[in-house]
Amino acid sequence: QVQLVESGGGLVQAGDSLRLSCAASGRSISRYGMGWFRQAPGKERELVASINWSGGSTYYADPVKGRFTISRDNAKNTVYLQMNSLKPEDTAVYYCASRRQLFTSGTSSYTGDYDFWGQGTQVTVSS
């Protein structure tokens, strides 16, 4: 079966950096767009960043533009989220997800367009 496993979360101070990883098994993600979502307590799950199947197109939500970078290594079947200049409002559980359709070029913030999800990794940023 397909599994996505996130790692790299933790407790950091404002201004610090973290690098999240999402390792996939059971599916070659090289043909699928990938997304990083986050969900804070009492809030809906929101798209943070996405990357298309080839890595040639990326999307960032406004709150993280200029601070977060999404990338992928298809040879390692892994997607990354580099998070710099972290803020307390970045505190959330971060999830990676794989697009349902092959070879999608654009992004989607609709959770229904993603068919496999990781278990999430907690990121806590203290002020």
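Heavy-atom basis, side chains included; hydrogens, waters and symmetry copies ignored. Numbers here are sequence positions counted from 1.
- Residue pairs satisfying the salt bridge (charged side-chain N to carboxylate O under 4.0 Å, His left out) criterion with at least one member in residues 96-108, sequence neighbours excluded, are absent.
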Please assess T69 against Y60 for the test side-chain contact (heavy atoms from CB on, under 4.5 Å), listing each intermediate value before the final yes or no. CA-CA 8 Å; T69 303; Y60 298 95; 3.7 Å; yes

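- Side-chain contact between L20 and V123: present, with at least one pair of heavy atoms (C-beta onward) separated by less than 4.5 Å.
- In this view, T124 and Q122 satisfy the side chain to side chain donor-acceptor pair (under 3.5 Å) rule, not counting sequence neighbours.
- Judged as a salt bridge (charged side-chain N to carboxylate O under 4.0 Å, His left out), and not counting sequence neighbours, R31 has no contacts.
- Residues satisfying the side chain to side chain donor-acceptor pair (under 3.5 Å) criterion with T104, sequence neighbours excluded, are absent altogether.
- Here the side chain of N77 pairs a donor or acceptor atom with the backbone of A24 at under 3.5 angstrom.
- The disulfide (SG to SG under 2.5 Å) analysis of residues 79-127, with sequence neighbours excluded, yields the pairs C22-C96.
- Put simply, F116 and V93 are part of two different groups of oily side chains (I, L, V, M, F, W, Y) that touch within less than 4.5 Å, one to the next.
- A distance-only check finds no donor-acceptor pair linking the side chain of S50 to the backbone of G35 [under 3.5 Å].
- A donor and an acceptor atom, one from each side chain of S108 and D113, are located under 3.5 Å apart.
- The two atoms that bring A14 and S127 nearest to each other are CB-CA, 4.4 Å, heavy atoms only.
- Applying the salt bridge (charged side-chain N to carboxylate O under 4.0 Å, His left out) test to K43 and every residue at least two apart in sequence or in another chain returns nothing.
- Take D90 and apply the side chain to side chain donor-acceptor pair (under 3.5 Å) test, not counting sequence neighbours, and it matches R38, R67.
- Listed by first then second residue, pairs satisfying salt bridge (charged side-chain N to carboxylate O under 4.0 Å, His left out) with a partner in residues 117-127 number zero, not counting sequence neighbours.
- The hydrophobic clustering, which links ILVMFWY residues whose side-chain heavy atoms are closer than 4.5 Å, places L4 and L47 apart.
- Pairs of residues two or more places apart, or lying in two chains, that qualify as ring pair (Phe, Tyr, Trp, His ring centres under 6.0 Å) and include a residue from residues 10-38 are F37-Y114, F37-W117.
- Expressed to the nearest 0.5 Å, how far CD of Q82 lies from CD1 of I70 amounts to 12.0 Å.
- Residue pairs satisfying the ring pair (Phe, Tyr, Trp, His ring centres under 6.0 Å) criterion with at least one member in residues 78-103, sequence neighbours excluded, are listed as follows: W53-F103.
- Other residues, nucleotides and ligands place no more than 12 heavy atoms under 6.0 Å from the CD atom of Q101.
- In this structure S30 satisfies the side chain to side chain donor-acceptor pair (under 3.5 Å) test together with S28, sequence neighbours excluded.
- For the atom pair L86 CG and L18 CG, the distance stands at 5.5 Å (nearest 0.5 Å).
- Of the inter-residue distances, the one linking Q39 atom CD with T111 atom OG1 reads 9.5 Å to the nearest 0.5 angstrom.
- A distance of 6.0 Å separates CD1 of I51 from CZ of R72, quoted to the nearest 0.5 Å.
- Contacts classified as side-chain hydrogen bond (donor to acceptor under 3.5 Å, both in side chains) and involving residues 8-25 (residues at least two apart or in different chains) are given here: S17-N84.
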Would you please test I29 and V79 for side-chain contact (heavy atoms from CB on, under 4.5 Å) and show each step? CA-CA 9 Å; I29 63 169; V79 178; 3.6 Å; yes

